[in-house]
Colleague: 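Encoded as structure tokens, here's the structure I'll be asking about.
Hydrogens, waters and symmetry mates play no part in the numbers below; they use all other heavy atoms, side chains included. This one's a predicted model, so the numbers in the text were calculated from it and none came from an experiment.
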Amino acid sequence: MDEWEELRSAVFNCTKCRLHEGRKHAVLGEGPLNAELMLVGEAPGAQEDIAGRPFVGAAGRLLNDMLGEAGLSRDRIYITNIVKCRPPNNREPLPDEEEACMPYLIRQIGLIRPRLIITMGKHSSAALLSMAGVRINGISEVRGRLRSIKVGNVELTVLPTYHPAAAIYNPRLRATIVGDLRIAAGFLSRRGASILDFIEDEEHRLGH
């Protein structure tokens, strides 16, 4: 059994927190295992729990549209969540549930070794930014800003943004999320560029 199959088996048979009691399917994630870009959301919803796939409900359809607007293709991205089982009634994941699932995400990152992770929503952003010693109160204070982090032995860049579901309830956020996704697309297109080089070039381009 290879490392991915071991991880898949561990997630599908996990009973480390209360969420396994009500799940139909654990949702490990999907996408290329050599993806440069990883998207990390918060937890599966009702449609994801039924399908066993991430972001297939209304928020997922909106995400697909926004990725297209930003020049990104879902089939080249690995997509997962902090928590792999659906919380009851789509409530936010609790701290002990996130803690139970984080080792799975860390193993995914270690196997894929992405160049960039987009964290979608407060929970995933707080979890990943904490690895760089950054504590946040809300997503608005950190979204759209690239940061370097280290996850295990993987050095990468993280870009927080709003969760796609936020744009369903507040359509004005759609343009903001698309703008953040375009930052990600621009960074990925600059192979070999550091965060500082990319930011300096962007500021020059925008006349700042």
Colleague: Is Ile136 close to Leu129 at the side-chain level, that is, under 4.5 Å between some pair of heavy atoms?
Modeller: yes
Colleague: Check whether Glu48 reaches the backbone of Gly45 with its side chain - one donor and one acceptor, N or O, closer than 3.5 Å.
Modeller: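 Yes, Glu48 side chain to Gly45 backbone: donor-acceptor pair under 3.5 Å.
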Colleague: State the CD1-OG1 distance between Ile183 and Thr161, to the nearest 0.5 angstrom.
Modeller: 8.5 Å
Colleague: Counting distance only, does the side-chain N/O of Ser124 pair as donor-acceptor with the main-chain N or O of Met120 below 3.5 Å?
Modeller: yes
Colleague: Side-chain contact, heavy-atom cut-off 4.5 Å: Thr157 with Ile117?
Modeller: no
Colleague: Grab the two heavy atoms, one from Pro164 and one from Ile177, that are nearest each other, plus how far apart they are.
Modeller: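 Scanning both residues completely, I find the closest heavy atoms to be CA-CD1, 4.3 Å.
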Colleague: Return the minimal non-hydrogen interatomic distance between Ala100 and Cys17, and the atom names on each side.
Modeller: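 Taking Ala100 first and Cys17 second, the nearest heavy atoms are CB-CB, 4.1 Å.
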Colleague: Tell me the closest heavy-atom pair linking Leu19 and Cys85, and the distance in Å.
Modeller: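 Where Leu19 meets Cys85 most closely, the heavy atoms are CD1-O, 3.5 Å.
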Colleague: Going from CG on Leu173 to CD1 on Ile168, what distance comes out if it is rounded to the nearest 0.5 angstrom?
Modeller: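 With rounding to 0.5 Å, CG (Leu173) is 11.5 Å from CD1 (Ile168).
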Colleague: With a 4.5 Å heavy-atom cut-off, do Leu105 and Leu128 have their side chains touching?
Modeller: yes
Colleague: Report yes if the distance between the aromatic ring centroids of Tyr169 and His163 is under 6.0 Å, otherwise no.
Modeller: no
Colleague: Between Arg23 and Asp49, is the closest basic N to carboxylate O distance under 4.0 Å?
Modeller: no
Colleague: Any side-chain heavy atom of Leu116 sitting closer than 4.5 Å to one from Val158?
Modeller: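 Leu116 does not reach Val158 side chain to side chain.
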Colleague: Yes or no on ring pair (Phe, Tyr, Trp, His ring centres under 6.0 Å) for Phe12 and His20, after CA distance, side-chain angles and deciding distance?
Modeller: CA-CA 9 Å; Phe12 290 174; His20 79 276; over 10 Å; no
Colleague: Any side-chain heavy atom of Leu37 sitting closer than 4.5 Å to one from Pro114?
Modeller: no
Colleague: Please check this pair: side chain of Asn81 against backbone of Lys84, looking for a donor-acceptor N/O pair closer than 3.5 Å.
Modeller: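 No.
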Colleague: What's the shortest heavy-atom distance between Ala35 and Ile112, and which atoms?
Modeller: O-CG2, 3.5 Å
Colleague: Evaluate the criterion side chain to side chain donor-acceptor pair (under 3.5 Å) for residue pair His123 and Glu92; output intermediate values, then yes/no.
Modeller: CA-CA 8 Å; His123 289 267; Glu92 294 185 345; 3.2 Å; yes
Colleague: Is any side-chain heavy atom of Glu3 closer than 4.5 Å to a side-chain heavy atom of Leu7?
Modeller: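 Glu3 vs Leu7: side chains apart.
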Colleague: Got a second to check how far Gln47's CD is from Asn90's CG, nearest 0.5 Å?
Modeller: 9.5 Å
Colleague: Sub-3.5 Å donor-acceptor pair from the side chain of Asn170 to the main-chain atoms of Ala166, do we have one?
Modeller: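 No, because the side chain of Asn170 does not come within donor-acceptor range (under 3.5 Å) of the backbone of Ala166.
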Colleague: With distance as the sole test, does His25 use its side chain to make a donor-acceptor pair with the main-chain N or O of Ile50 at under 3.5 Å?
Modeller: yes
Colleague: Within the side chain of Arg143, is there an N or O that forms a donor-acceptor pair under 3.5 Å with the backbone of Asp180?
Modeller: no
Colleague: What heavy-atom pair brings Thr176 and Tyr162 nearest, and what distance separates the two atoms?
Modeller: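 Heavy atoms of Thr176 and Tyr162 come nearest at CG2-CE1, 3.9 Å.
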Colleague: To check you understand the geometry: which heavy-atom pair defines the closest contact between Ala165 and Ala59, and what is its length?
Modeller: N-CB, 4.0 Å
Colleague: Test your reading of the model: is there a side-chain donor-acceptor pair from Arg182 to the backbone of Glu69, 3.5 Å cut-off?
Modeller: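 Flag set: sc Arg182 to bb Glu69 pair under 3.5 Å.
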Colleague: Can you find a pair of side-chain heavy atoms, one from Thr15 and one from Glu21, that are under 4.5 Å apart?
Modeller: no
Colleague: With a 4.5 Å cut-off on side-chain heavy atoms, are Thr80 and Leu39 touching?
Modeller: no
Colleague: Can I get a per-line list of side-chain donor-acceptor pairs under 3.5 Å for residues 26-33, giving both atom names and the distance, sequence neighbours left out?
Modeller:
residue, atom, partner, partner atom, Å
Glu30, OE1, Arg53, NE, 2.8
Glu30, OE2, Arg53, NH2, 2.9
Glu30, OE2, Arg74, NH2, 3.0

Colleague: Among all residues two or more places apart in sequence or in another chain, which pass the side-chain contact (heavy atoms from CB on, under 4.5 Å) test with Leu94?
Modeller: Arg18, Arg91, Asp96, Glu97
Colleague: Checking Arg8 against Tyr104: charged group under 6.0 Å from the ring centre and within 45 degrees of the axis?
Modeller: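 Output no; distance or angle outside limits.
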Colleague: Going hydrophobic residue to hydrophobic residue with side-chain gaps under 4.5 angstrom, can you get from Met38 over to Val56?
Modeller: no
Colleague: Looking at Ser9 and Glu6, would you say the former's side chain and the latter's main chain have a donor-acceptor pair under 3.5 Å?
Modeller: no
Colleague: Given 3.5 Å as the limit, does a donor-acceptor pair link the side chain of Glu42 with the main chain of Pro93, or not?
Modeller: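 Here the side-chain-to-backbone pair does not exist.
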Colleague: Ignoring hydrogens and angles, tell me if any N or O in the side chain of Lys122 forms a donor-acceptor pair with the backbone of Asn137 under 3.5 Å.
Modeller: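 Yes, because the side chain of Lys122 sits within donor-acceptor range (under 3.5 Å) of the backbone of Asn137.
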